[in-house]
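The structure appears right after this line, and notes come after that.
As the structure is a computational prediction, the values presented were derived from the model and not from experiment.
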Amino acid sequence: MTAPLFSGRARRSVAALGAVSAGLLLLSACDKPTPLATVTVGTSSVSTEAACSDGKELTAEKVQECFTDVKHSKTVHYGRGDTLRLGVEPDVVEDGKQWQAVLDGQPITEPSSNTYRSFPGADIFATGGQGEAPTSKKLNIVQVSEDGKPLAVWAFNVKLK
């Protein structure tokens, strides 16, 4: 009679270890997610990955496409006079990169290497007396390289309460 080389328990342990190793190998082959950008109004916060990010500079046409793309946009509700807070993960501003806020295609901030900006009491829906105010605006956060070229775009919808 021959004794088994490995007990049942040892075989299960080796099989489990092999499954874990294979799972880790598969996960390492996945794309790394882009850093998050966050928009906060009051106690409501929405975060999202970049809607556009090719790992290289984006063309002007691609940036315009990202600005109008609504399928990747998260929505936050904003009341007149609320404090608007914008934040990015530290990865967005590393190696000399910066970010800039863009509202309906127009820059509302200068490029910044800070990870957080706050706009207390800003009325982003003010029209300056020119017609009826819109009820929704497109807010984008654009990551720019050291020389000001766009690298990534995060997309948000801001809806008036």
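As a member of the Ile/Leu/Val/Met/Phe/Trp/Tyr network built from side-chain separations under 4.5 Å, Leu36 groups with nothing else and remains a singleton. Members clustered with Leu151: none, using a 4.5 Å side-chain heavy-atom cutoff among hydrophobic residues. With side-chain heavy atoms closer than 4.5 Å counting as contact, directly or through intermediates, the hydrophobic cluster containing Val144 also holds Leu58, Val63, Phe67, Val102, Val142, Val153.
Within the structure, every pair that satisfies the disulfide bond (SG atoms under 2.5 Å apart) test and touches residues 53-91, not counting sequence neighbours, is listed here: Cys52-Cys66. Applying the side chain to side chain donor-acceptor pair (under 3.5 Å) test to every pair with at least one member in residues 92-107, sequence neighbours left out, gives no pairs at all. Applying the side chain to side chain donor-acceptor pair (under 3.5 Å) test to residues at least two apart or on different chains, the pairs with a partner in residues 36-45 are Thr38-Ser47, Thr40-Ser45.
When the salt bridge (charged side-chain N to carboxylate O under 4.0 Å, His left out) test is applied to Lys161, the partners found at least two apart in sequence or on another chain are Asp82. For Ser73, the side chain to side chain donor-acceptor pair (under 3.5 Å) partners two or more places apart in sequence, or in a different chain, are Lys138. Under the rule for a salt bridge (charged side-chain N to carboxylate O under 4.0 Å, His left out), the partners of Arg80 that lie at least two apart in sequence or sit in another chain are Asp123. Shown here are the side chain to side chain contact (heavy atoms under 4.5 Å, CB included) partners of Tyr116, two or more places apart in sequence or in another chain: Arg85, Ser118. Partners of Ser53 by side chain to side chain donor-acceptor pair (under 3.5 Å), not counting sequence neighbours: none found. Under the rule for a salt bridge (charged side-chain N to carboxylate O under 4.0 Å, His left out), Lys149 has no partner lying at least two apart in sequence or in another chain.
Phe156 has its side chain within reach of Thr48: a pair of non-hydrogen atoms, C-beta onward, lies under 4.5 Å apart. Contact annotation: the side chain of Trp154 never approaches that of Val88 to less than 4.5 Å [non-hydrogen atoms, C-beta and beyond].
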Chi angles and distances behind the side chain to side chain contact (heavy atoms under 4.5 Å, CB included) call for Lys159, Thr135: CA-CA 6 Å; Lys159 292 202 175 195; Thr135 58; over 6 Å; no
Side chain to side chain contact (heavy atoms under 4.5 Å, CB included) between Val93 and Asn114, intermediate numbers included: CA-CA 7 Å; Val93 294; Asn114 295 327; over 6 Å; no
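For the pair Pro120 and Thr83, the tightest heavy-atom approach, listed with the atom from each and the gap, is CA-OG1, 3.4 Å. Here the closest heavy-atom approach between residue Thr115 and residue Pro90 is recorded as CG2-CA, 4.0 Å. Considering every non-hydrogen atom in both Thr75 and Val46, the closest pair reads O-CG1, 3.3 Å.
We find the CG-CD1 distance between Leu139 and Ile124 to be 6.5 Å, quoted to the nearest 0.5 Å. Note that CG of Asn140 is 11.0 Å distant from CG of Leu86, once rounded to the nearest 0.5 Å.
When the shell of 6.0 Å around NZ of Lys137 is examined, it contains more than 12 heavy atoms from other residues, nucleotides or ligands.
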